[in-house]
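First up is the structure itself, then whatever we jot down about it.
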Amino acid sequence: MQGWWAVSYVVLWGLVILLGVLVVALARQIGTLHLRLGPRGALEVDIEGPSLGEVPPPAEVTDLDGRPFVIGGPGRAQLVFFTSPSCPLCEEVLPSLAVAAKAAGLAAHVVTSAPPDDAYAAYAPRKLGAPVTSAAEVTAAYGIPGTPFLVVLDDTGAVRGKGTINNLEQMEGLIDTARRRMTTEAVAGKVS
């Protein structure tokens, strides 16, 4: 009887060691896939939102305190963030919006399609560092599919970057892409 027990323990320990090796190999393979795929950028889909290079008409709106401002049109380059009070991902990105815009030399604007009372309750108590407007007509004019959605406009009002973003890294990536496009356009304009 003791011979069978010893054999079963040896076989059992052999299987445990084999399973340990397999787990380490699978973990290594998952790590390799993670490195190969890398972080994902903003989801820039051609048919969503305004087309790249398009110049949406300027929209005269007022912020939640009644101060007027213009979204789009010629002037300072802008970062327009579309949000909604019920969007949990928006809540993660909003605190960084003004800082990211300032670092890129962009004027930040926040647009929500929520009714003014809901927008005021959700955003007025917060210090976002950017004017917030309740403007469903702007959301519709830009063809925004959902929130959180970011549009970067250059100094002529043309769309240079757009996309659905889920975190600060994606927002910064989209801003960098838009800035590269602006630089490329400026260089191409000087050459021709």
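Computed from a predicted model, the values in this text were never measured in an experiment.
Looking at L94 and R126, their side chains come closer than 4.5 Å, going by heavy atoms from C-beta outward. Side-chain contact between V152 and M182: present, with at least one pair of heavy atoms (C-beta onward) separated by less than 4.5 Å. Counting only heavy atoms from C-beta outward, the side chains of M171 and L150 approach each other to under 4.5 Å. Using a 4.5 Å heavy-atom threshold, the side chains of T112 and P85 count as touching. Looking at L153 and Q78, their side chains come closer than 4.5 Å, going by heavy atoms from C-beta outward.
Of all heavy-atom pairs spanning A130 and A108, the tightest one is CB-O, 3.5 Å.
When atom types are taken as modelled, the side chain of R181 and the backbone of R160 share a donor-acceptor pair closer than 3.5 angstrom. A side-chain donor-acceptor contact under 3.5 Å links Q170 to the backbone of N166. Looking only at distances, no side-chain donor or acceptor of T156 sits under 3.5 Å from a matching main-chain atom of P74. Formation of a donor-acceptor pair under 3.5 Å by the K162 side chain with backbone atoms of P50 is found in this model. For N167 (side chain) and E169 (main-chain N/O), a donor-acceptor pair under 3.5 Å exists by modelled atom type.
Using cut-offs of 30° and 60° on the angle between ring planes, the pair F82 and Y142 is tilted.
By the rule that hydrophobic residues join a cluster once side-chain heavy atoms approach within less than 4.5 Å of another member, F69 and V80 end up as members of one cluster. In the hydrophobic clustering of this structure, L89 does not group with L128; members are Ile, Leu, Val, Met, Phe, Trp, Tyr whose side-chain heavy atoms approach within less than 4.5 Å, directly or through other members.
For E54, the side-chain hydrogen bond (donor to acceptor under 3.5 Å, both in side chains) test picks out no residue, with sequence neighbours left out.
Atoms CZ and CD, from F149 and E48 in turn, are 6.0 Å apart once rounded to the nearest 0.5 Å.
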